[in-house]
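Basis for what follows: all heavy atoms, side chains included, without hydrogens, waters or symmetry-related copies.
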Amino acid sequence: MAVLVVGLGTVEARAQKGGRPAFILLDGAQMAAYKAAYQKGSPAETKQVQAAVADAQKALTHGPYTIVNKTQTPPTGNKHDYMSQAPYSWPDPAKPDGKPYINRDGLRNPEAAAFTDEDHMLDMTSDVKKLAVAYYFTGKEEYAAQAARQLRGFFLDPATRMNPNLNFAQAIPGLYTGRCYGMIETRNLVEIPDALALMSASKSIDTKLVSGLQDWFRQFTNWAQTSPLGSAEGRVENNHGTFWDSEVVDFALFTGDDALARKVLETQTKARIATQLQPDGAQPLELARTRPWNYVTMNMLGWVRLARLGERVNIDLWNYALPDGRGLHAGVAWLKPYLLKEKQMERADVAPISNHTALLLYDKAGQHYPDLAADKVFALYPDHVRRPWTL
């Protein structure tokens with residue numbers, strides 16, 4: 001395998017152990033322990049790995065995913081530019097043509113589903129992760145080869161690649177061709193660097209592919225910092241700002257810019273605590289939405305990701321708190337009585353809810369906060385599977 005050098009920094013496995021892609025959000029030690037248990041035939045690990053391999057087998061038949069085959073054309077005339085429509089925007093019944101559209105928070109307009117770029121991006125990311133997990137546990141090259149094809153097709157091949165911007169995301173008919181809020185749609189691209197780490201031993205994950213992806217994510221990070229829409233998203237106070245931080249920090253670590261990662265965490269992320277969290281852990285900006293449970297748990301997942309990213313540059317967000325107690329610990333602990341079914345939300349979400357995100361972040365945070373009684377919580381949700389490769 002070709003040697004990959006991505007620059008100096010404190011991200012652990014980037015430190016030239018064979019020059020392979022490094023884990024960023026995932027815990028390499030936990031992954032190795034899980035793999036060892038699987039190789040010894042442990043029933044629980046074997047069952048989950050078999051399920052993961054079955055998912056990867058399906059992913060072998062999918063794609064290629066691309067945004068260039070959409071029916072809509074961006075204002076630039078270039079279908080390589082990503083497009084989406086704001087999901088909560090609806091025609092104004094008081095206007096003959098419905099424009100400008102009006103907001104109905106939490107209620108998705110079916111029209112938005114006609115814009116397929118987000119679906120293709122999410123499907124690509126999901127499949128690449130599934131393939132990467134299967135390769136990590138089995139070593140079968142077919143999984144990594146398919147993941148590499150998907151990555152090249154979506155990010156790198158001139159005929160099908162996505163341009164590294166979101167200038168036309170979350171448009172509102174009659175008002176905006178694109179909004180800063182569109183960056184929330186790329187929040188799960190943080191899965192890509194860790195997928196590469198899972199496949200680091202593969203010949204398909206070569207220097208050309210990884211360096212090409214680093215260049216794409218470097219350009220995207222520059223867009224997020226310097227463009228009018230990207231930089232505006234970084235100033236949003238609620239969950240959008242949280243995920244802006246998580247994306248920029250993750251991509252900075254992936255591309256070797258540890259200084260940028262530290263700067264964002266120290267100057268922006270820590271400052272969000274006073275704005276987003278109350279001393280008891282409540283999140284007023286998210287509780288004000290029409291889907292309060294969805295947004296409270298979604299935002300807290302972003303914070304758990306940020307705490308994990310902080311570990312990579314020796315910034316401890318797990319234990320950072322303001323003098324009045326505001327901090328990540330309080331934010332996660334606020335969820336505890338609801339997950340234990342001791343309390344119910346004062347206001348129900350306007351759409352069906354799921355506890356998947358809450359349980360996912362609770363699993364990761366519970367490893368740092370014994371008082372969360374994570375095992376007691378998970379005993380109430382036997383169908384939720386705890387895996388070290390999800391975050």
Side-chain angles (χ1 to χ4, degrees), residues 6 9-40 42 44-46 48-49 51-52 125-126 128-139 147 187-202 205 245-247 249-254 256 258 261-262 265 269 300-320 328-329 332 356-370 372 374-375 377-378 384-391:
V6 297
T10 56
V11 176
E12 54 187 22
R14 193 202 306 148
Q16 317 311 323
K17 290 186 178 179
R20 296 190 294 267
F23 287 111
I24 298 177
L25 279 171
L26 300 185
D27 186 315
Q30 288 184 358
M31 290 299 303
Y34 201 95
K35 185 175 183 178
Y38 162 69
Q39 291 174 332
K40 291 179 180 178
S42 174
E45 284 78 2
T46 297
Q48 293 309 317
V49 170
T125 303
S126 176
V128 166
K129 183 66 174 295
K130 292 172 182 176
L131 292 160
V133 170
Y135 173 82
Y136 179 81
F137 287 107
T138 69
R187 66 187 182 276
N188 287 332
L189 286 184
V190 295
E191 299 269 22
I192 299 300
D194 281 285
L196 294 173
L198 288 167
M199 300 182 290
S200 64
S202 167
I205 309 303
D245 288 4
S246 70
E247 289 185 58
V249 172
D250 188 276
F251 303 153
L253 294 173
F254 177 49
D258 291 2
R262 289 192 191 94
L265 291 167
T269 303
M300 197 49 55
L301 175 62
W303 275 99
V304 168
R305 286 179 176 177
L306 284 165
R308 178 62 183 152
L309 294 170
E311 294 176 29
R312 300 306 189 187
V313 287
N314 300 316
I315 295 175
D316 184 7
L317 290 179
W318 294 111
N319 297 302
Y320 179 81
L328 176 57
H329 189 176
V332 180
H356 174 76
T357 299
L359 294 171
L360 177 60
L361 72 89
Y362 210 82
D363 180 26
K364 307 305 177 184
Q367 299 169 27
H368 296 269
Y369 308 134
L372 293 184
D375 289 340
V377 167
F378 282 99
H384 182 84
V385 180
R386 302 163 77 177
R387 304 181 180 93
W389 58 85
T390 56
L391 183 56

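Taking each heavy atom of T138 and A134 in turn, the nearest pair found is OG1-O, 2.7 Å. Scanning both residues, L309 and S246, for their nearest heavy atoms gives CD1-O, 3.5 Å. In terms of heavy-atom proximity, R308 sits nearest to G28 at NH2-N, 4.5 Å. Here the closest heavy-atom approach between residue L265 and residue G310 is recorded as CD1-CA, 3.8 Å. The nearest pair of heavy atoms linking M300 to L328 is SD-CD1, 3.4 Å. The shortest heavy-atom contact between R305 and N188 is NH2-OD1, 3.0 Å.
Residues W318 and H329 fail the side-chain proximity criterion, which asks for heavy atoms closer than 4.5 Å. When side chains are defined from C-beta on, I205 does not count as touching Y135, because their heavy atoms never get closer than 4.5 Å. In this structure, the side chains of L372 and V377 stay at 4.5 Å or more apart for every pair of heavy atoms. For the pair Q48/R387, a side-chain contact is recorded, criterion being any heavy-atom separation below 4.5 Å from C-beta on. In this structure, D250 and P193 have side chains that are in contact, with non-hydrogen atoms separated by less than 4.5 Å.
Partner of L25 under the side chain to side chain contact (heavy atoms under 4.5 Å, CB included) criterion, out of L391, T390, L253: L391 alone.
Rounded to the nearest 0.5 Å, atoms OH (Y369) and NZ (K364) are 14.5 Å apart. The NZ atom of K129 sits 9.0 Å away from the CD1 atom of I192 when rounded to the nearest 0.5 Å. Taking CG from L317 and CH2 from W303, the interatomic distance works out to 6.5 Å, rounded to the nearest 0.5 Å. Note that the CD atom of E191 and the CG atom of L196 stand 11.5 Å from one another [nearest 0.5 Å].
Put simply, the side chain of S42 never gets that close to the backbone of Y38: no donor and acceptor are under 3.5 Å apart. The backbone N or O of I24 lies less than 3.5 Å from a partner atom in the side chain of D194, making a donor-acceptor pair. No side-chain donor-acceptor contact under 3.5 Å links Y136 to the backbone of S200.
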>> Working note: V249 + R312, criterion side chain to side chain contact (heavy atoms under 4.5 Å, CB included); need CA distance, chi angles, decisive distance, verdict.
In response: CA-CA 10 Å; V249 172; R312 300 306 189 187; over 6 Å; no
> So Y320 and I315, side chain to side chain contact (heavy atoms under 4.5 Å, CB included) or not? Walk me through it.
Replying inline: CA-CA 9 Å; Y320 179 81; I315 295 175; over 6 Å; no
> After noting the C-alpha distance and the side-chain angles of V304 and Y362, does the key distance pass the side chain to side chain contact (heavy atoms under 4.5 Å, CB included) rule?
Replying inline: CA-CA 9 Å; V304 168; Y362 210 82; over 6 Å; no
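Using modelled atom types and a 3.5 Å distance limit, the side chains of T269 and D245 yield a donor-acceptor pair.
Centroid-to-centroid, the aromatic rings of W389 and Y34 come within less than 6.0 Å.
Contact check on D375 versus R386 returns a salt bridge, with a Lys/Arg side-chain nitrogen under 4.0 Å from an Asp/Glu carboxylate oxygen.
Residues meeting the side chain to side chain donor-acceptor pair (under 3.5 Å) test with R187, sequence neighbours left out: none.
Ring geometry for H384 against H356 counts as tilted: the plane angle lies between 30° and 60°, on a 0 to 90° scale.
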